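The structure appears right after this line, and notes come after that.
A note on names: the letters A, B, ... follow the listed sequences, proteins ahead of strands, and every chain is numbered from 1. Keep in mind it's a predicted model, so treat the numbers as computed, not measured.
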2 protein chains.
Amino acid sequence: MRDHTTTADPDQQQAGIPLFPSPDHAHHRCRNAALQHAARVCKSHGLRLTRLRRQTLEMIWKSHRPVKAYALLAQLSVQRKLAPPSLYRALHFLEQQGLIHRLRSTRSFIGCSHPATTPHSGQFLICIRCDTVAELPGLPITPGTQRTATSLGFAIDRATVEFLGQCQTCRTLAP
Amino acid sequence: MRDHTTTADPDQQQAGIPLFPSPDHAHHRCRNAALQHAARVCKSHGLRLTRLRRQTLEMIWKSHRPVKAYALLAQLSVQRKLAPPSLYRALHFLEQQGLIHRLRSTRSFIGCSHPATTPHSGQFLICIRCDTVAELPGLPITPGTQRTATSLGFAIDRATVEFLGQCQTCRTLAP
DNA sequence: TGGCTGATTGTTACAATATACCATAAGTGG
DNA sequence: CCACTTATGGTATATTGTAACAATCAGCCA
Ligand SMILES: [Zn+2]
Ligand SMILES: [Zn+2]
Ligand SMILES: [Zn+2]
Ligand SMILES: [Zn+2]
């Protein structure tokens, strides 16, 4: 897997949101914003952002890349011994609150890049070469899909919408 | 998990395709059609529908429900002893040819209900109560998504589009 | 304060899913 | 037949995820 991110090309933005963050952006702001948002969300829902949950979220926000559960486990275990169930519980909690997303295609987790909206299932572009992920704005359940589901009497609860392919950088480097 | 399918309600059809097949339909036709289609596809691409691949496909088409890999493994092992790698190879092959789909949300496999179109990533409604699945017609990559991807220089290769929720029957039985 | 209660985490053990790797067999074209 | 490619067999192991129960913690009230 390569290790890079795309450059900050204006064409790669939509509504001012850089879907593929540039490698030189002030990432500590992303992380701080995510943590503050998490604290706000938990407080407003009467839930507790415990040490484990906060540290898990911090670790996920070390970068904009998806992280595997057992990689997280190893990293968190440096500070505190941690068994899989504890970590998975924290991950489930964070996902429930819409603070992170679980990528089913790659069995990994990533921080939510659009936390302003209510808890949602995101939709993602995932590069199979370099593992970079862009969370697309908007809701993954289109009106057409919703209409079809409704006509079938099917009540959609959550969505998994992931598009795998190659990002611009990878295509340029080795078409 | 409950075990039922929806009744053949005309409202639950679109363009004549019963997305949730009725329990009393002539399913042997579904299976035969799928197998014949598989033979055709393989022949036209110069690929071999070997015994293992055919039996795997047959087993998947025993019903319209998704099947787990290790359940398949157990069923196929009744006839022939089978190790995981062999089965997964067959599954990968069948998925490549667009004959089956892999449901990432539930880690299971299901026969493609729209094999007429070229090999595609499907989009699915998956009931979390009874496990029933409807493969929606149409392509999962909407023009809007394609436009966004293109503007980012991202080339989409395949999609995972799955909607989890409750089907009509389950909602009626226990709202 | 001290105890009650529900939420959270710890711990052990295991289940379920998936692949690496190498050997063997089967089809394919000379 | 051989040489070559493709497909399968088989062992072992990696990876991902959960069940079940014990221990602990945080908040609340007597
Ligand atoms: Zn950042
Ligand atoms: Zn999000
Ligand atoms: Zn059928
Ligand atoms: Zn299909």
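- You'll find that the side chain of B:A83 is closest to D:dG10, out of D:dG10, C:dT19, D:dG9.
- Residue contacts for B:S86: at a heavy-atom cut-off of 4.0 Å it reaches a base atom on one of the strands shown.
- An OP1 or OP2 oxygen of D:dG17 is reached within less than 4.0 angstrom by a side-chain nitrogen or oxygen of A:R102.
- For the OP1/OP2 pair of D:dT8 and a distance below 4.0 Å, the side-chain nitrogens and oxygens of B:T50 include at least one atom meeting the criterion.
- Protein atom OH of A:Y88 is 16 Å distant from nucleotide atom C1' of C:dA13, rounded to whole Å.
- With no hydrogens or angles considered, no side-chain donor-acceptor pair links B:T145 and B:T148 at under 3.5 Å.
- Residue A:R104 is out of contact with every strand shown, counting any heavy-atom pair closer than 4.0 Å.
- In this entry the distance linking CZ of B:R107 with P of D:dT16 reads 11 Å, nearest Å.
- One can find a donor-acceptor pair under 3.5 Å joining the base of D:dG9 and the side-chain atoms of B:R89.
- Between the side chains of A:Q166 and A:R171, no donor N or O sits under 3.5 Å from an acceptor N or O.
- With distances taken from any side-chain atom of A:L52 to the nucleotides C:dT9, D:dG9, D:dG17, the minimum falls on C:dT9.
- For the pair A:H45 NE2 and C:dA7 P, the computed distance is 17 Å after rounding to whole Å.
- The cationic atom of A:R102 (NZ for Lys, CZ for Arg) does not lie both less than 6.0 Å from the six-membered ring centre of A:F109 and within 45° of the ring axis.
- Spacing between atom CG of A:L103 and atom P of D:dT15 amounts to 19 Å, rounded to whole angstrom units.
- Positionally, the nearest nucleotide of DNA chain D for B:R48 lies more toward the 5' end than for the other of B:R48 and B:P84.
- Toward the 5' end of DNA chain C, the nearer of the two residues A:L82 and B:A69, judged by each one's closest nucleotide, is A:L82.
- Rounded to an integer number of Å, the gap from A:H92 NE2 to D:dT18 P is 4 Å.
- Atoms CZ (B:R53) and P (C:dG27) sit 12 Å apart, rounded to a whole Å.
- Residue A:Y70 places no side-chain atom within donor-acceptor reach of the base of D:dA14, judged by atom type and a 3.5 Å distance cut-off alone.
- At whole-Å resolution of the value, CG in A:L73 and C1' in D:dT16 are 11 Å apart.
- Counting only N and O atoms by type, the side chains of B:E135 and B:H101 include a donor and acceptor under 3.5 Å apart.
- Counting to the nearest Å, the C1' atom of C:dG10 and the CZ atom of A:R80 are 10 Å from each other.
- Contact check, A:K68 against D:dT16: a side-chain N or O comes under 4.0 Å of OP1 or OP2.
- Side-chain atoms of A:T142 and A:Q146 form no donor-acceptor pair, as typed in the model, at a separation below 3.5 Å.
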